[in-house]
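As the structure lists them, so they are numbered: ligands from 1, and atoms in each ligand from 1. Note that these values count all heavy atoms, side chains included, but never hydrogens, waters or copies made by symmetry.
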Amino acid sequence: MRITVLGSTGSIGRNTLNVLSQHPERYEVFALTAASQVDLLAEQCIQFKPRYAVMPDEAAAARLRVLLQTKGSTTEVLGGAHALEEVTCAPEADAVMAAIVGAAGLKPALAAAAAGKRLLLANKEALVVAGALFMRTVEQGKAGLFPVDSEHSAVFQCLPQDRQKWGQVIEKIILTASGGPFRTRDPATLSSVTPEEACAHPNWRMGRKISVDSATMMNKALEVIEARWLFDTQPERIEAVIHPQSVVHSMVQCVDGSVMAQMGVPDMRVPIAVSLAWPERVESGAQRLDFTHLSALTFEAADNKRFPCLPLAWQALTAPEGTTAVLNAANEVAVEAFLHKQLRFDQIYHVVSEVLEHVTCSAAAKTLDDLFDLDMQARNGALSLIQRIGPL
Ligand code: NAD
Ligand code: MG
């Protein structure tokens, strides 16, 4: 199987290459892409010898070209945003790992869906921005859609292989959440949280944006929206529960009352390996669970006061369709501002909820252009709000 890895220098991209490197007889890398980190991308090209390497920024692509030439690499370097879609849709690519962060990953992921690829979807924001359109494109393109997010991979593994039967089986989807680094921190001190503290996740090592999302639990809100589309499940049938050990990755409560759970150590190489090989299984390299050393598996309700971003998922899902695109865009801008110390941690919720109130979507906002227009309005709204209120 030949694979294009979109976002190969990121946390998911690197974990994907790690799994691929364990199965050289089974997988071949067709293309690697990244926005920055020229040196790392060059190293990856030397190791995996892809046909193409893509950097949307032409200047970065030029630097990569020079670097690879000096090392005698045969990888061809392409620049420009359109090149992402080219290596995604190329007939030689059988599968695409969509691991770009944020709404920036939507267009190439959609292109993979339209081209009927085996699509391994880590980029949850694509579904948050354009869920209905995305799922229609997957269906029309006859693409195979495999979730990479650990919770959704867990749900996927708990469901029957025949997707037609999912609707008859699911009574409730129960997404687990670790609660992030601030699950027990005094809420009064959340205003002084630093980016480093927010990115220090207790169980997972991830990119900075998703780490902040985990700390606010906006990540779980995005995952509720992701689950709504992946499993065609109404929002009231989706629940989030805190499970600090991150061993149970999520659960499906079936219509007969039976609950299916998927377990494992928290290591993204497991859901990545599942998405690559399903319905077969391949080694992921992850450690195995040792039940004699697990002290306890505990579950508790999420406190909406401590984590006000979480209920925004249900609020946005029951509003007109483009509302989740507004939520996503405002959150991306707020998280970026927080990471640059232009906004306090507790103000992230404030920015997102204000923007949700002021950028209204008409029920007709359904095309990609409509959604990008809402995305832009939300980004502008969030930016001007941050200029007014941030950082202290
Ligand atoms: P990351 O920041 O570590 O990596 C992002 C990758 O995307 C990098 O290769 C970067 O160069 C590329 N990129 C960023 N902006 C780009 C742009 N505008 N155009 C083209 N490429 C761009 O992020 P990550 O943690 O690997 O997360 C990737 C996606 O996977 C996110 O949507 C995240 O929510 C999801 N996800 C991540 C994890 C995890 O454990 N890291 C788990 C579940 C889901
Ligand atoms: Mg997740």
Side-chain angles (χ1 to χ4, degrees), residues 4-19 31-41 43-44 53-58 60-61 64 78-85 87-88 97-109 111 120-129 146-156 173 175-180 199 201 203-214 217-227 230 240 243 246 248-250 262 266-272 274-275 286 328 331-332 335-336 339 375:
T4 287
V5 182
L6 302 171
S8 66
T9 55
S11 160
I12 292 290
R14 281 177 278 128
N15 276 307
T16 302
L17 291 179
N18 180 289
V19 176
L32 296 176
T33 87
S36 53
Q37 293 192 275
V38 175
D39 291 337
L40 177 56
L41 185 55
E43 273 174 38
Q44 293 179 339
V54 175
M55 301 203 80
D57 176 44
E58 298 278 5
L64 179 66
L78 306 176
H82 62 280
L84 281 179
E85 283 164 56
V87 296
T88 298
M97 165 58 78
I100 291 175
V101 59
L106 171 60
K107 274 194 172 167
L120 323 177
L121 188 68
N123 177 219
K124 66 190 83 185
E125 294 91 346
L127 280 174
V128 176
V129 175
F146 298 88
V148 171
D149 215 344
S150 58
E151 295 77 1
H152 305 74
S153 173
V155 170
F156 177 80
I173 288 177
L175 300 178
T176 53
S178 67
C199 289
H201 196 279
N203 305 342
W204 302 91
R205 292 183 60 90
M206 311 179 284
R208 282 166 77 76
K209 192 258 177 185
I210 186 176
S211 297
V212 176
D213 285 347
S214 298
M217 276 190 86
M218 181 59 93
N219 183 49
K220 211 51 53 183
L222 301 180
E223 290 183 355
V224 167
I225 300 167
E226 185 185 9
L230 280 175
H243 166 50
S246 297
V248 174
H249 297 306
S250 279
Q262 185 267 344
D267 184 329
M268 285 310 291
R269 290 177 300 175
V270 177
I272 289 169
V274 171
S275 74
N328 178 69
N331 181 58
E332 283 191 28
V335 169
E336 189 69 13
L339 285 170
D375 173 284

Completion exercise
Among N, O or S atoms, D149 approaches the Mg ion (ligand 2) most closely through OD1
Handout entry: Distance-only N or O hit between ligand 1 and R208, under 3.5 Å
Key = no
Practice task
Could you check if a side-chain atom of K124 sits within less than 4.5 angstrom of a side-chain atom of N219, using non-hydrogen atoms only?
Solution key: yes
Handout entry: Protein contact to atom 4 (O) of ligand 1 [nearest heavy atom, distance to 0.1 Å]
Key = G10 CA, 3.1 Å
Problem - Between CG on residue L40 and CG on residue L32, distance to nearest 0.5 Å - result: 9.5 Å
Practice task
Report yes or no: does a heavy atom of A99 sit under 4.0 Å from some atom of ligand 1?
Solution key: yes
Practice task
Please examine the side chains of T176 and S246, heavy atoms only from C-beta on, and report whether any two atoms are closer than 4.5 Å.
Solution key: no
Handout entry: K209 atom NZ: more than 12 heavy-atom contacts under 6.0 Å
Key = yes
Completion exercise
Value for CG (L41) from CE (M55), rounded to nearest 0.5 Å, stands at 5.5 Å
Exercise for the section: May I ask you to check whether A34 has an N/O atom sitting below 3.5 Å from an N/O atom of ligand 1? Expected result: no
Exercise for the section: Keeping the roles fixed (side chain from S153, backbone from D149), state whether a donor-acceptor pair exists under 3.5 Å. Expected result: no
Fill in the blank from the handout: A student comparing D267, V148, I272, D149 should find that the heavy atom closest to atom 43 (C) of ligand 1 comes from D149
Exercise for the section: Measure from the side-chain N and O atoms of H243 to the backbone N and O of V248, and report whether any donor-acceptor pair falls under 3.5 Å. Expected result: yes
Completion exercise
for atom 17 (C) of ligand 1, nearest protein heavy atom and its distance come out as A104 CB, 3.9 Å
Practice task
Please write down residue, atom name and distance for the protein heavy atom closest to atom 34 (O) of ligand 1.
Solution key: K124 CE, 3.1 Å
Fill in the blank from the handout: d(I210 CD1, E223 CD) to nearest 0.5 Å is 6.5 Å
Problem - Structural part of I210 in contact with ligand 1, heavy atom criterion under 4.0 angstrom - result: side chain
Exercise for the section: Tell me which N, O or S atom of E223 sits nearest to the Mg ion (ligand 2). Expected result: OE2
Handout entry: Backbone or side-chain N or O of S11 under 3.5 Å from ligand 1 N or O
Key = yes
Fill in the blank from the handout: closest protein heavy atom to atom 29 (C) of ligand 1 is I100 O, 3.8 Å
Problem - M268 heavy atom under 4.0 Å from ligand 1 - result: yes
Problem - Top protein contact for atom 9 (O) of ligand 1, by heavy-atom distance - result: T9 OG1, 2.8 Å
Fill in the blank from the handout: Among L121, I12, D213, closest by heavy atom to atom 27 (O) of ligand 1 is I12
Completion exercise
The atom name of the N, O or S atom in E151 nearest to the Mg ion (ligand 2) is OE1
Fill in the blank from the handout: Residue, atom and distance of the protein heavy atom nearest atom 14 (C) of ligand 1 read V101 CG1, 3.9 Å
Fill in the blank from the handout: among protein heavy atoms, the one nearest atom 11 (O) of ligand 1 is A35 N, 2.8 Å
Exercise for the section: Answer whether the closest heavy-atom distance between the side chains of S11 and R205 falls below 4.5 Å. Expected result: no
Exercise for the section: Determine whether the side chain, the backbone, both or neither of E125 has a heavy atom under 4.0 Å from any heavy atom of ligand 1. Expected result: side chain
Problem - Atom pair CG (L106) and CG (L127), whose distance is rounded to the nearest 0.5 Å - result: 9.0 Å
Problem - Close side-chain approach of L121 and P147, heavy atoms under 4.5 Å - result: no
Completion exercise
Between the NZ atom in K220 and the OG atom in S178, the distance rounded to the nearest 0.5 Å is 7.0 Å
Problem - atom 35 (C) of ligand 1: the protein heavy-atom neighbour that sits closest, reported with distance to 0.1 Å - result: A122 O, 3.1 Å
